[in-house]
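The chains referred to below are lettered A, B, ... by the order of the sequence lines, with proteins before strands, and numbering in each begins at 1. Since the structure is predicted, the reported quantities are computational estimates derived from the model, not experimental observations.
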2 protein chains.
Amino acid sequence: MVEHLGKAPSSATPHRATKQRLLDAAELLFASHGFEGTSMRAITQAADTSLSAANYHFGSKQALLEAALVRRIEPVNRRRVEAIDALEKSSEGVVSVEALLEAFLRPGFEVQRESPEEGRRLREVAARFSADPHEIVSKLKFELFAPVMRRYLDALERALPDRTREDLALDFQFFLGVMIHVMSGKNVFSRDHADPMPYADETILDRMVSFATAGLRAGGVPRAPESTPGAGS
Amino acid sequence: MVEHLGKAPSSATPHRATKQRLLDAAELLFASHGFEGTSMRAITQAADTSLSAANYHFGSKQALLEAALVRRIEPVNRRRVEAIDALEKSSEGVVSVEALLEAFLRPGFEVQRESPEEGRRLREVAARFSADPHEIVSKLKFELFAPVMRRYLDALERALPDRTREDLALDFQFFLGVMIHVMSGKNVFSRDHADPMPYADETILDRMVSFATAGLRAGGVPRAPESTPGAGS
DNA sequence: GTCTATAGTTGGATAGAC
DNA sequence: GTCTATCCAACTATAGAC
């Protein structure tokens, strides 16, 4: 799908596909077995190549999986930042809570809409990525998400100026919990009553936004008990 | 703490502690490394015993970890069911959303209050338990949670009778996402802005309940678009 | 750039002494 | 009931031919 020149030699590199196949297999297996549960053997077998080829291209299991995760997650976070840039530019810095939460969620759903297959992969990888205990994964998670998080928390502080930052951070964590749990999809305590997620995608987005917006607006300790200028419902 | 007779021979079994040490070590390591990341060797080393002792007592890695997880999780779910029993008995079947969510959450916090050490362990184990991809863990998760979930969903249906069950199930999943994410604690995208969870325990419980109650009340498609008897705010 | 072959660890589980 | 010793499978990574 995506042509990338770069390390390619001067020829047309007729089979540059090996790296891609390795990344595809790596992300697929990581999504269903996590970091420790995914072996280089399983990856290379699924990619129809050899252990040595994988180590030639990536050097180690860690580097291969990091590359696969960054490839999938980083574009989504870039869209999240672009979305909030656009929002703040068009509204002089004050953006509603709904708009913020939707801007954070929508990039994932856009991927889903553009390509359901890629959307499914994104959800599966992101769910495992959020949950994996391995230190390498945690480190990468922090690197990829810290800037986005700071950006959205800043905006949230402007949207609800009578709340403390710590308070908003907690509510935003609640919101992230909702998102992560939804991404994990098939998951959790449901096999007879509530089968996976029986809703069209855009509906779930709206439901998450309305759920979390209500939660954010409901909660929290005001910044100062006596002098709230005027922003209290 | 808990005496259990049973397989013990007729003597006073002066060192029956090995099984307990194995369970303790297993849950500790599972909490920080997941199912696949936890080796029998690491468990037995932490429990200061041998591989053979572990296999003598439990037969396999799977059986040992299942026993450790059940021991920690099952009592909490029992309390959840007892709490909803009590609520429904004292209010003739109609319980408010707040009361339901609090009843679901409180058992975990009670453990925390009775023993902060046990509370910490519960949180860590439960967080990993909710997130672990391994099939054995998923199966156990379903077995332990399905009855509790059905019970709470039934009650929720009575508390918000103008909503469909599927709809309530989705909102309850959102609520579970919040809880799981909070239990995972240290976790997620925070290292400078919002350090772990800088709130007293009971405060977080209240915050979760108010967040999710507002979310549950805000959202959803009514059961029938035209004939809503009177429960629509 | 990709392969086969292999080095060197570490995994779960068992045998048999005590 | 607990140990040491061991089996065998699977793992990551590398060497060296092509």
Starting at atom CZ of F58(A), determine the distance to atom C1' of dA13(D), rounded to an integer number of angstrom. 16 Å
Can the ring centres of F104(B) and F172(B) be said to be less than 6.0 Å apart? yes
Keeping to residues at least two apart or across chains, list the side chain to side chain donor-acceptor pair (under 3.5 Å) pairs with something in residues 24-51 of chain B. D24(B)-R71(B), E27(B)-R72(B), E27(B)-R121(B)
Whether Y56(A) contacts dT2(C) is assessed here as follows: a side-chain N or O lying under 4.0 Å from the phosphate OP1 or OP2. Is that the case? no
For E135(A), enumerate each residue passing the salt bridge (charged side-chain N to carboxylate O under 4.0 Å, His left out) test, keeping only those at least two apart in sequence or located in another chain. none
What I want to check is whether the side chains of Q112(A) and R123(A) have a donor and an acceptor closer together than 3.5 Å. yes
Could you tell me how far apart Q20(B) (CD) and dG1(D) (C1') are, to the nearest whole angstrom? 16 Å
Distances for protein N or O near nucleotides 14-18 of chain C N or O, under 3.5 Å:
unit_1  : atom_1 : unit_2 : atom_2 : d
dT14(C) : O4     : S52(B) : OG     : 3.2
dA15(C) : N6     : S52(B) : OG     : 3.1

Parallel, tilted or perpendicular: which fits the ring planes of F174(A) and F211(B), with parallel below 30° and perpendicular above 60°? perpendicular
Non-neighbouring partners of Q62(A) that pass side-chain hydrogen bond (donor to acceptor under 3.5 Å, both in side chains), sequence neighbours left out: E66(A)
Please give me every residue in residues 26-38 of chain B whose heavy atoms get under 4.0 Å of an atom in DNA chain C, ordered by residue number. T38(B)
Contact class for S39(B) vs. all strands (heavy atom < 4.0 Å): base, sugar-phosphate, or nothing? sugar-phosphate
To the nearest angstrom, how far is M40(B) atom CE from dT2(D) atom C1'? 14 Å
Kindly give the heavy-atom pair with the smallest separation between A212(A) and L101(A), and that separation in Å. CB-CD1, 3.6 Å
Would a distance-only check, ignoring hydrogens and angles, find a side-chain to backbone donor-acceptor pair under 3.5 Å from D132(A) to F35(A)? yes
Would you say the side-chain atoms of N77(B) pair up with the backbone N or O of L144(B), donor to acceptor, closer than 3.5 Å? yes
Check DNA chain C against residues 60-67 of chain B and give the residues with a non-hydrogen atom under 4.0 Å, in numerical order. S60(B), K61(B)
Using modelled atom types and a 3.5 Å cut-off, is there a donor and acceptor pairing between side-chain atoms of K19(A) and backbone atoms of H57(A)? no
To the nearest Å, give me how far apart CG (D48(B)) and C1' (dG1(D)) are. 15 Å
Using OP1 and OP2 only, check whether a side-chain N or O of T18(B) sits under 4.0 Å from dG1(D). no
Quick one: H57(B) NE2 to dG12(C) P, roughly how many Å, whole number? 18 Å
Whether Y56(B) side chain and L51(B) backbone form a donor-acceptor pair below 3.5 Å: no
Is T49(A) close enough to dC3(C) that one of its side-chain N or O atoms is under 4.0 Å from OP1 or OP2 there? yes
